[in-house]
Amino acid sequence: LQKLLHLLQATDDPLIQEQALITLGNSAAFSVNQNIIRNLNGLSIIGGMLSDCAPKVKEKALNALNNLSMNIENQEVIQVYITQVCRNVESAPLNSDLQLAGLRLLTNMSVTSDYHHKMVDFIRCFLHLLSAGTERTQVQVLKVLVNLSANTAMTRHLLRAEV
């Protein structure tokens with residue numbers, strides 16, 4: 001895992017970055033690896049890939065962070081990327097794999113109400129995707145919206161959002 005993280009930092013080749021991110025994401029299926037990746041500063045390294053220009057690299061980084069977001073300690077680190085993830089979802093091509101990867105991560109990050117406030121400014125975007133997206137996109141957006149609606153503090157924001 002350490003070598004993969006070093007490789008990710010050392011190369012500018014998008015194909016190598018994609019493969020390293022896929023492997024890290026797959027490794028994150030095991031909770032022991034989630035902790036190791038966090039302890040090696042891997043969440044920040046992977047999160048740094050969200051500003052990469054290559055959409056496929058961003059998508060693979062989102063997928064890896066999604067798998068890593070399955071524990072509270074990792075969510076505490078990943079939460080700093082929520083606004084950036086929302087911006088990626090908003091600017092990604094409609095129904096793209098990049099958009100869906102971002103929505104899946106936002107679904108995991110919105111299971112508890114701890115980070116809902118970071119998504120408030122993007123409710124309008126979510127509602128737009130709900131009306132314009134394909135069924136796959138709509139299902140992912142609905143998961144985020146259902147999680148947000150479970151928080152009474154979000155009620156006003158959800159009901160006042162302009163579509």
Side-chain angles (χ1 to χ4, degrees), residues 1-93 95-122 125-126 129 136-137 139-148 150-151 153-154:
L1 294 174
Q2 187 174 30
K3 289 184 189 285
L4 280 170
L5 291 167
H6 285 303
L7 177 64
L8 200 54
Q9 289 181 297
T11 185
D12 290 331
D13 185 334
L15 293 176
I16 294 173
Q17 290 172 334
E18 283 182 56
Q19 291 306 309
L21 288 165
I22 289 169
T23 304
L24 286 165
N26 290 341
S27 298
F30 304 98
S31 57
V32 66
N33 290 342
Q34 292 176 9
N35 296 330
I36 292 170
I37 292 170
R38 181 183 63 253
N39 293 333
L40 292 171
N41 196 35
L43 298 173
S44 297
I45 294 168
I46 296 168
M49 305 306 288
L50 295 178
S51 58
D52 193 280
C53 296
K56 282 291 183 188
V57 173
K58 285 182 192 178
E59 175 196 337
K60 302 306 186 240
L62 288 165
N63 287 336
L65 288 174
N66 183 47
N67 289 348
L68 288 160
S69 69
M70 296 301 185
N71 72 48
I72 299 299
E73 294 88 357
N74 285 357
Q75 283 192 1
E76 290 171 5
V77 178
I78 294 170
Q79 60 92 15
V80 301
Y81 301 106
I82 289 176
T83 301
Q84 188 173 7
V85 172
C86 288
R87 285 190 188 119
N88 282 338
V89 166
E90 188 173 45
S91 64
N95 306 313
S96 64
D97 289 337
L98 174 59
Q99 192 171 64
L100 290 167
L103 288 168
R104 283 191 296 271
L105 176 56
L106 293 174
T107 299
N108 281 349
M109 294 300 293
S110 63
V111 169
T112 66
S113 61
D114 296 345
Y115 310 114
H116 287 181
H117 64 282
K118 293 182 176 246
M119 299 179 206
V120 167
D121 293 338
F122 297 93
C125 168
F126 299 148
L129 294 176
R136 281 179 51 196
T137 301
V139 167
Q140 286 306 145
V141 171
L142 280 172
K143 290 178 180 181
V144 174
L145 289 171
V146 165
N147 288 346
L148 295 177
N151 180 356
M154 295 298 291

Novice: Side-chain contact test, heavy atoms from C-beta onward, threshold under 4.5 Å: evaluate it for Leu129 versus Val89 and give yes or no.
Specialist: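 The answer is yes; the side chains approach within 4.5 Å.
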
Novice: Quick one: are Ser69 and Leu105 in side-chain contact, heavy atoms under 4.5 Å?
Specialist: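 Yes, their side chains come closer than 4.5 Å.
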
Novice: Any side-chain heavy-atom pair from Asn95 and Arg136 closer than 4.5 angstrom?
Specialist: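 A side-chain contact is absent here, since even the closest heavy-atom pair is not under 4.5 Å.
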
Novice: Within the structure provided, determine whether Ile36 and Asn33 are in side-chain contact (heavy-atom separation under 4.5 Å).
Specialist: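 Ile36 vs Asn33: side chains touch.
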
Novice: Return the minimal non-hydrogen interatomic distance between Ala28 and Leu68, and the atom names on each side.
Specialist: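 Of all heavy-atom pairs spanning Ala28 and Leu68, the closest is CB-CD2, 3.5 Å.
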
Novice: The test is side chain to side chain contact (heavy atoms under 4.5 Å, CB included); show your working for Asn63 and Asn67 and say whether it passes.
Specialist: CA-CA 6 Å; Asn63 287 336; Asn67 289 348; 5.7 Å; no

Novice: Within the 4.5 Å heavy-atom criterion, are Leu8 and Leu24 side-chain neighbours or not?
Specialist: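 Yes. Closest side-chain heavy atoms under 4.5 Å.
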
Novice: With distance as the sole test, does Asn147 use its side chain to make a donor-acceptor pair with the main-chain N or O of Thr107 at under 3.5 Å?
Specialist: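 Yes, Asn147 side chain to Thr107 backbone: donor-acceptor pair under 3.5 Å.
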
Novice: Treating Ser110 as the side-chain partner and Leu106 as the backbone partner, does any N or O pair qualify as donor plus acceptor under 3.5 Å?
Specialist: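 Yes: the side chain of Ser110 pairs with the backbone of Leu106.
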
Novice: Please identify each residue that fulfils side-chain contact (heavy atoms from CB on, under 4.5 Å) with Thr23, with sequence neighbours left out.
Specialist: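 Checked Thr23 against side-chain contact (heavy atoms from CB on, under 4.5 Å); matches are Leu4, Ser27.
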
Novice: What I'd like to find out is whether the side chain of Lys143 reaches to under 4.5 Å of the side chain of Val139, using heavy atoms alone.
Specialist: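 Counting from C-beta outward, Lys143 and Val139 do come under 4.5 Å.
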
Novice: Tell me whether Gln75 contacts the main-chain N or O of Met109 through its side chain, where contact means a donor paired with an acceptor under 3.5 Å.
Specialist: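 Checking the backbone N and O of Met109 against the side chain of Gln75, no donor-acceptor pair under 3.5 Å is found.
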
Novice: Quick one: does any side-chain atom of Ser96 pair with a main-chain N or O of Gln99 as donor and acceptor, under 3.5 Å?
Specialist: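 Present.
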
Novice: I would like to know whether Leu148 and Phe126 meet side chain to side chain contact (heavy atoms under 4.5 Å, CB included); could you show each step before the answer?
Specialist: CA-CA 11 Å; Leu148 295 177; Phe126 299 148; 4.2 Å; yes

Novice: Just wondering, more than 12 heavy atoms not from Gln84 lying within 6.0 Å of its CD?
Specialist: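 For Gln84, atom CD is crowded (more than 12 foreign heavy atoms under 6.0 Å).
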
Novice: Could you walk me through whether Glu90 and Arg87 pass salt bridge (Lys or Arg N to Asp or Glu O under 4.0 Å), step by step?
Specialist: CA-CA 5 Å; Glu90 188 173 45; Arg87 285 190 188 119; over 6 Å; no

Novice: Is there a side chain to side chain contact (heavy atoms under 4.5 Å, CB included) between Asn108 and Arg104? Walk through the geometry before answering.
Specialist: CA-CA 7 Å; Asn108 281 349; Arg104 283 191 296 271; over 6 Å; no

Novice: Leu40 vs Ile45, test: side chain to side chain contact (heavy atoms under 4.5 Å, CB included). Steps then yes/no.
Specialist: CA-CA 9 Å; Leu40 292 171; Ile45 294 168; over 6 Å; no

